[in-house]
Amino acid sequence: MKRQVSLLLVLVMLLAVCTACGGSQTTGDGSAPAGGSVSAVDGAGGEEADAAEVEAALEQFLTSVYTTDDQGRYTAYLAEMEALDSAAGSGSEDSQALLDEAADNYYAGFVPLVTEDVYTRMVQNRVPFKYDALYADTPAAVQDVALTAQEDGYSYAVTLQIDGETETRSGELQWAEQGGSILVSSFYEAD
């Protein structure tokens, strides 16, 4: 009996120490308790950040990826391509440099949102370019972003409105804090 009481006291003291040092508080489903502040450890096991700040950064990224022609990026890209076609017809020798510049301009909005590795993979996988091209005639608008905390990041479901129809995109994200900013450090699309 003495041993059980001693173990119980040790557990209570450990819980008190963890609470006093700002340990992470989540509900059973991994979400934040109502009215409280939650800490979130990044997917790489790094520093802690406010969960609301992390989720806002992830939501901003997902909204930009899945919103057709977000901030006019696709319209500007098409205009640059048209100008490049005109210049190529007049004998321009630096067309590859102009193509690279057009791609850099297209993806520039993601630079403050993602790590270098994610940026490189987005360019290689043509994300979100493939969505901008696919929905050029019937724009897609993000209606809702649902994030679910997991052990090493978040799973997401993005609800889109496309020409009166609803579609969902889902996948997983991880994040890292770099230079005081929350950046997407891993981006996986399930569909």
Side-chain angles (χ1 to χ4, degrees), residues 30 40-82 84 94-162 166-191:
V41 178
D42 72 15
E47 296 186 29
E48 293 187 4
D50 180 65
E53 181 182 358
V54 170
E55 291 175 5
L58 299 179
E59 186 172 333
Q60 179 184 6
F61 168 76
L62 291 168
T63 300
S64 187
V65 167
Y66 292 110
T67 299
T68 303
D69 199 20
D70 189 43
Q71 299 178 24
R73 67 178 172 230
Y74 190 64
T75 301
Y77 177 81
L78 292 177
E80 288 184 64
M81 290 295 97
E82 190 173 307
L84 182 60
D94 57 351
S95 61
Q96 185 59 47
L98 293 173
L99 282 171
D100 292 344
E101 183 180 341
D104 288 345
N105 292 340
Y106 178 84
Y107 285 99
F110 290 100
V111 171
L113 304 176
V114 299
T115 61
E116 264 187 65
D117 185 50
V118 171
Y119 179 86
T120 300
R121 290 182 185 188
M122 287 178 69
V123 172
Q124 289 172 343
N125 294 328
R126 297 173 27 106
V127 174
F129 186 85
K130 63 185 177 184
Y131 298 119
D132 282 341
L134 179 65
Y135 299 119
D137 296 328
T138 55
V142 173
Q143 279 189 316
D144 184 52
V145 176
L147 295 167
T148 304
Q150 297 187 336
E151 185 175 321
D152 62 349
Y154 286 84
S155 63
Y156 71 86
V158 176
T159 305
L160 303 172
Q161 184 72 24
I162 305 168
T166 301
E167 290 189 26
T168 302
R169 301 285 185 267
S170 62
E172 296 178 1
L173 296 166
Q174 290 181 339
W175 63 276
E177 190 168 348
Q178 291 181 1
S181 297
I182 305 297
L183 304 177
V184 174
S185 61
S186 176
F187 174 52
Y188 167 74
E189 295 182 281
D191 32 45

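Closest heavy-atom contact between Tyr131 and Arg169: CE2-NE, 3.8 Å. Pairing each heavy atom of Val118 with each of Ser186, the nearest pair is CG2-N, 3.6 Å. The heavy-atom pair separating Leu183 from Pro112 by the smallest distance is CD2-O, 3.2 Å. Here the closest non-hydrogen pair linking Thr67 and Arg73 is O-NH2, 3.0 Å. Nearest approach of Ala102 to Glu80, heavy atoms of both residues: CA-OE1, 3.2 Å.
Neither side chain, Asp132 nor Thr68, offers a donor N or O lying under 3.5 Å from an acceptor on the other. Side-chain contact annotation: Gln174 with Tyr154, donor-acceptor N/O pair under 3.5 Å absent.
Considering CD of Glu82 and OH of Tyr77, their distance stands at 13.0 Å, rounded to 0.5 Å. Rounded to the nearest 0.5 angstrom, Leu84 CG and Leu99 CG are separated by 5.0 Å. In this structure, the separation between CH2 on Trp175 and CG on Leu113 is 15.0 Å, given to the nearest 0.5 Å.
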Stepwise side-chain contact (heavy atoms from CB on, under 4.5 Å) test for Leu173 and Tyr188: CA-CA 6 Å; Leu173 296 166; Tyr188 167 74; over 6 Å; no
After noting the C-alpha distance and the side-chain angles of Thr168 and Leu160, does the key distance pass the side-chain contact (heavy atoms from CB on, under 4.5 Å) rule? CA-CA 6 Å; Thr168 302; Leu160 303 172; over 6 Å; no
Under the side chain to side chain donor-acceptor pair (under 3.5 Å) criterion, do Thr75 and Asp69 qualify, and how do the steps go? CA-CA 7 Å; Thr75 301; Asp69 199 20; 2.5 Å; yes
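Glu189 meets the salt bridge (charged side-chain N to carboxylate O under 4.0 Å, His left out) test with Lys130; sequence neighbours excluded. The ring pair (Phe, Tyr, Trp, His ring centres under 6.0 Å) check on Tyr135 picks up nothing, with sequence neighbours excluded. Listed by chain and residue number, nothing satisfies the side-chain hydrogen bond (donor to acceptor under 3.5 Å, both in side chains) test with Asp144 (two or more places apart in sequence, or in another chain).
Panel note: side chain Thr63, backbone Glu59; a donor-acceptor pair is recorded below 3.5 Å. A donor-acceptor contact shorter than 3.5 Å is absent between the side chain of Asn125 and the backbone of Val127.
Not less than 6.0 angstrom separates the ring centroid of Tyr119 from the ring centroid of Phe110. For Phe129 and Tyr107, the ring centers are positioned 6.0 Å apart or more.
Within the 4.5 Å cutoff, side-chain heavy atoms of Leu62 are placed close to those of Leu147.
Ion pairing between a basic and an acidic side chain is recognised when a charged N comes within 4.0 Å of a carboxylate O; Asp117 and Arg121 show such pairing.
Other residues, nucleotides and ligands contribute more than 12 heavy atoms inside 6.0 Å of the CD atom of Gln161.
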